[in-house]
Amino acid sequence: MKDFKKSVVYQIYPKSFYDTNGDGFGDLKGVTSKLDYIKELGVDYIWMTPFFVSPQKDNGYDVENYYEIDPRYGTMEDFEELAKEAKKRGIDLMLDMVFNHTSDQHEWFQKALSGDEKYKNYYIFKKGKPDGSAPTNWESKFGGSAWQYVPEFDEYYLHLFDVSQPDLNWENEEVRKEVQKVIRFWMKKGVKGFRFDVINLISKGEFEDDDQGDGRRFYTDGPNIHKYLRELNEQTFGQEEGIITVGEMSSTSMENCFQYAGEDSHELSMVFNFHHLKVDFMGNEKWVLVPADFGKLKQILFDWQKGMADNHAWNAVFWCNHDQPRVVSRFGDEGMYWKQSAKMLATIIHCFRGTPYVYQGEELGMTNAGFTDISQYQDVESINHFRILQEKGLTQSDAYRILQIHSRDNSRTPMQWEKKEHGGFTTGTPWIEVNRNYERINAKEELEDKDSIFHYYQQLIRMRKEYDVIAYGDFEELDRNHPKVIAYKRTYGTEQLQVIANFYGVDVEWKSSQSFNGFEVLIGNYDETTIEDDKKISLRPYEAVVLYKKE
Ligand code: GLC
Ligand code: CA
């Protein structure tokens, strides 16, 4: 059985991965046909973002039917074939379960809208305020009010995301039973992992106006959340050994995560949190241009590493996913130090305590989309905010600059396979444009190059399996206040690891509180590292080095 502490998960956004029938959408057969590539990287699981029947308003995070495959991705036979072929290669599938909300096209919601009380109670309908305005001032995460008025009922329904994604009512036991049924269905198909979308938002607290923010403090890590997760665990995936689970925790607190992913709490195996990916926001406001705050980034990463370890809880560790810009563009360098910076960023994550997640194309150092026209954008959140920003008085060119940095489409451009039209992703017209740098950045070239980012990831993934200290070691931060370097130490029995990374494109000298005596270089992103004396090291631009010692 797999040990999730030694595992690495590869995330696939099937729509943008590989298209086998030329319709411009990636499909399940496309994933199957690229399994050898994924195997080569050395990962243990593939997390597939949703491919269930969906009107695709939010690219499948608006589910219309949890039991069927959306025809644009293929058929149930294609899914079974994918699972079988993956298994042959020692890879298990992790499915993405979206249970905070459904699509408004889901049968339940359609029945609710027709006035069926049973199904109305699957969702959250409320009367407006006496003046007729929405029940609370909460904002949708995709912009605008979180409430939609339904004239037939003179009531509003809650949608924390798009208006087409009504929130489910988890207080209703029938809803919880439906959800359990879905999980059991996919478990029977041999699925060995589940990712739960924005799962810490399912338990709504009081429905009150928020005079301090957008409402999130009322429904984030809500009053019954731990009870619901324990119940889900007990009724479904907890009944079978070897299933791994990860919860996507939106604006969560570390204290709650101790419990969500605690060794003995019987909730989930691990959690994603996003605090480290808000260091280029203004508070919670993403649609602004603010330089990344390195000090804060380091502090958050260190605090979570240490806090989760001290409380016997497990992190998912990552820089990238389908909602985040590309990390090399965000915290690294797209230009001269592209390769070094991508490898440096990977080093930090892959030597952490936690299960690393690699998002498709990250292992190639894929960069932000570089879109310059709104017609190139496909994401509902980006399109909404492009309008909202201009309504707030920003010029169009300022709105574009913000989208270029923060849009989720930055990570959704097609996977760059080779130096062919559309990066070899499709023979048709892709649903979203390929990044123009595909001739330089693509899988084929990197597979041929021993020194590529791909091969560096491969090595890091292998190291987690070979060195127990990486999987199981303690975490100790080094030099919290250094303005350019991230350094930390891991210890496990007689094994020790020191990870030292220069986050900037300039030379720095770093003096350690630890001795380097007896350590060997396990991996680094330059040919040779200069260790000057037993405590001093010279780091070149974006240089990262991992030192190892076993007594
Ligand atoms: C999660 C998903 C994101 C989606 C949202 C609503 O944050 O990762 O893509 O839009 O939930 O389901
Ligand atoms: Ca297709």
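Every number for a ligand or one of its atoms is a count from 1 in the order of the listing. Basis for what follows: all heavy atoms, side chains included, without hydrogens, waters or symmetry-related copies.
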- Message: I'd like to know whether ligand 1 has His101 as a neighbour, heavy-atom separation below 4.0 Å.
- Response: yes
With a 4.0 Å heavy-atom cut-off (strictly under), which part of [X] contacts ligand 1: side chain, backbone, both or neither?
X	result
Lys57	neither
Arg408	side chain
Phe99	neither

- Where the Ca ion (ligand 2) is the vertex, angle from Asp27 OD2 to Asp19 OD1 to 10°: 80°
- Task: Examine Phe25 and say whether one of its N/O/S atoms is closer to the Ca ion (ligand 2) than 3.0 Å.
- Result: yes
- Query: Quick check: does Thr20 put an N/O/S atom under 3.0 Å from the Ca ion (ligand 2)?
  - Reply: no
- Message: Can you confirm whether Pro430 sits close enough to Pro414 that some side-chain heavy atom of one is under 4.5 Å from a side-chain heavy atom of the other?
- Response: yes
- Message: Measuring only between side-chain heavy atoms, which start at C-beta, is Lys84 closer than 4.5 Å to Glu81?
- Response: yes
- Query: Do the rings of His276 and Phe318 sit parallel, tilted or perpendicular, given the 30° and 60° boundaries?
  - Reply: perpendicular
- Side-chain donor-acceptor pair present, Gln404, Asn368, cut-off under 3.5 Å: no
- Find all atoms of ligand 1 within a distance of less than 4.0 Å from any non-hydrogen atom belonging to Val198, and give their numbers and elements. 1 (C), 7 (O), 11 (O)
- Atom indices of ligand 1 within 4.0 angstrom of Phe142 heavy atoms, with elements: 10 (O)
- For Asp23, what is the atom name of its N, O or S atom nearest to the Ca ion (ligand 2)? OD1
Minimum-distance protein heavy atom relative to [atom]:
atom	value
atom 8 (O) of ligand 1	Asp323 OD2, 2.5 Å
atom 1 (C) of ligand 1	Asp197 OD1, 2.8 Å
atom 10 (O) of ligand 1	Asp58 OD2, 2.5 Å
atom 7 (O) of ligand 1	Glu248 OE2, 2.9 Å

Centroid-centroid under 6.0 Å between [X] and [Y] rings:
X	Y	value
Trp417	Phe425	no
Tyr438	His422	no
Phe99	Tyr66	yes

- Are any of the side-chain nitrogens in Asp92 or Lys2 under 4.0 Å away from the carboxylate oxygens of its partner? yes
- Passes side-chain hydrogen bond (donor to acceptor under 3.5 Å, both in side chains), Asp162 versus Tyr61? Steps please. CA-CA 10 Å; Asp162 191 54; Tyr61 283 93; over 6 Å; no
